[in-house]
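Keep in mind that what you see is a predicted model, and the values were worked out from it rather than measured. Lettering of chains follows the sequences in order, A, B, ..., and the numbering in each one begins at 1.
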Amino acid sequence: MATKPLPWFRQGLAILRKDLRIEFRTRYAYSALVMFAITTLVTVSFSVGGYAMDADITAALLWIILFFSAMAGLARTFVHEEETGTVTALKMAAQSEPVLIGKYLFNVTLLLSLTVLVVPLFLVMLNQTVQLPIAFVATVFLGALGLAGASTILAAIVSKAGAKGSLMTVLAFPVLLPLLFAAISATRTALGGGLVANIRSDLLLLFFYNGVAVVASLLLFEYIWNE
Amino acid sequence: MIGQIIVGIWMTVVIIASFLYMPATQGLGETGRILVYHVPAAWIAVLAYLMAMVNSIAYLRHGELRFDRQAQVNAELGTIFCILATITGAIWSRGAWGQYWNWDPRQTSITVLLMIYAAYFVLRSAIEDTDRRARLSAVYAILAFLTVPFLVFIVPRVYVSLHPNLINVSTRSFDMDRKMLVVFLSSLLAFTGLYAWMYNVQKRLENLLYRLDMKRGE
């Protein structure tokens with residue numbers, strides 16, 4: 001039994017490689033994410049331009065941008081499989097758990113590469129200084145991980161429900177709200193400065209949210225995937 | 001039939017007792033009386049959502065559509081009681097804090113809870129096929145209920161809330177005097193009875209509607 005998780009992970013990595021290769025050929029999902037993020041960012045920056053904003057507002061804006069960009073791109077992995085009809089082949093090639101792990105890793109890669117690009121740009125364009133850099137990086141990392149974690153299984157639900165346009169946002173928003181609240185609260189402290197102890201409880205909450213999201217997805221995905 | 005009458009009389013007695021028999025609470029004054037309705041409503045909401053999840057798990061295990069209907073009925077009842085808890089909470093908040101709504105962590109989390117189950121109903125309405133709808137919404141109901149502990153139990157304790165706590169964490173006891181405890185527990189019983197009756201009626205209705213659909217399909 002002890003060796004069982006490893007094949008899952010290896011197969012998951014294989015699916016990740018396949019998805020990354022497809023993504024490199026078209027760059028559709030990544031372009032959608034980046035374009036969405038940049039457009040929102042430019043609009044915000046353009047309209048508030050010269051004003052120095054409170055950390056409260058900047059923190060909320062950062063997560064609004066990240067959340068809606070994630071919604072624009074993360075459903076793509078599963079919807080694409082349904083559209084091209086490759087679902088059946090994937091079902092035959094792998095069990096449900098490796099598929100989920102692969103898709104999860106792909107979404108994590110996608111979202112982290114987005115944050116690496118967008119977050120520095122965000123700080124520069126809004127003239128925001130970071131008081132607690134390490135805590136800030138940890139918050140963005142855990143937050144992005146949680147966004148990808150909870151979105152992956154919801155993306156699977158949406159793709160099976162016929163990929164109705166706004167369904168992804170409707171389903172994801174309430175489930176992700178606890179994560180967003182914690183992330184916004186931690187970002188606010190990290191940007192504006194404050195007690196590190198305040199951030200700790202937020203980071204713990206983010207950490208456990210991630211754990212619950214991944215475990216629950218692994219347990220439930222089978223029921224969505226094998227109809 | 002007899003059950004309904006008992007619940008009705010019991011509820012009436014609780015309502016009268018909450019105003020005449022029960023003393024005004026220390027610290028909260030007359031506004032504290034709403035506790036007899038607010039707290040049981042909130043507990044029934046959590047109970048109904050829990051039953052929605054239990055039925056969803058049962059559906060995924062056994063694949064029988066009646067579990068899906070029971071999950072749906074429970075989610076509906078949970079939402080009704082959740083709305084009641086929100087409204088009574090807002091009324092109390094107006095009396096005690098001076099504002100109907102001030103985004104106290106408790107108010108924030110109950111809003112999110114309502115939105116989650118609203119999304120559940122949106123998902124149900126978006127899928128035509130019965131089996132697929134049952135399966136996908138069961139998965140979503142389980143995911144949704146997993147956020148309940150975060151919202152109801154963790155968030156109000158991690159972030160500073162002005163909301164009074166019923167259970168004293170340090171002494172592990174109820175912070176209530178005896179008369180109040182009696183009325184409160186009777187109210188909890190009355191609400192549970194009310195929930196059981198509503199659940200039964202609604203479940204029978206859904207079963208009949210399903211059978212009607214089957215007949216039309218033949």
Q) Counting only heavy atoms not in B/Ile83, do more than 12 sit closer than 6.0 Å to its CD1 atom? A) yes

**Q.** Distance-only side-chain donor-acceptor flag, B/Tyr37 / B/Ser18, under 3.5 Å
**A.** yes

(Q) For chain B, which candidate among A/Leu220, A/Leu177, A/Leu171, A/Val170 shows the most heavy-atom pairs at distances under 4.5 Å? (A) A/Leu171

(Q) With a 4.5 angstrom heavy-atom cut-off, is it the side chain or the backbone of A/Tyr209 that approaches chain B, or both, or neither? (A) both

(Q) Is the ring pair B/Trp101/B/Trp103 parallel, tilted or perpendicular, if the boundaries are 30 and 60 degrees? (A) perpendicular

Q.
Looking at chain A, which one of B/Ala118, B/Ala119, B/Ala144 has the largest number of heavy-atom pairs inside 4.5 Å, strictly under?
A. B/Ala119

Q: Please flag which part of A/Leu219 lies under 4.5 Å from any non-hydrogen atom of chain B: side chain, backbone, both or neither.
A: neither

Q: Check the pair A/Phe67, A/Trp63 against ring pair (Phe, Tyr, Trp, His ring centres under 6.0 Å), reporting the backbone distance first and the verdict last.
A: CA-CA 6 Å; A/Phe67 170 76; A/Trp63 285 100; 9.9 Å; no

(Q) Heavy-atom cut-off 4.5 Å, strictly under: side chain, backbone, both or neither for A/Leu179 against chain B? (A) neither

**Q.** Basic-acidic side-chain contact under 4.0 Å: B/Arg135, B/Asp129
**A.** no

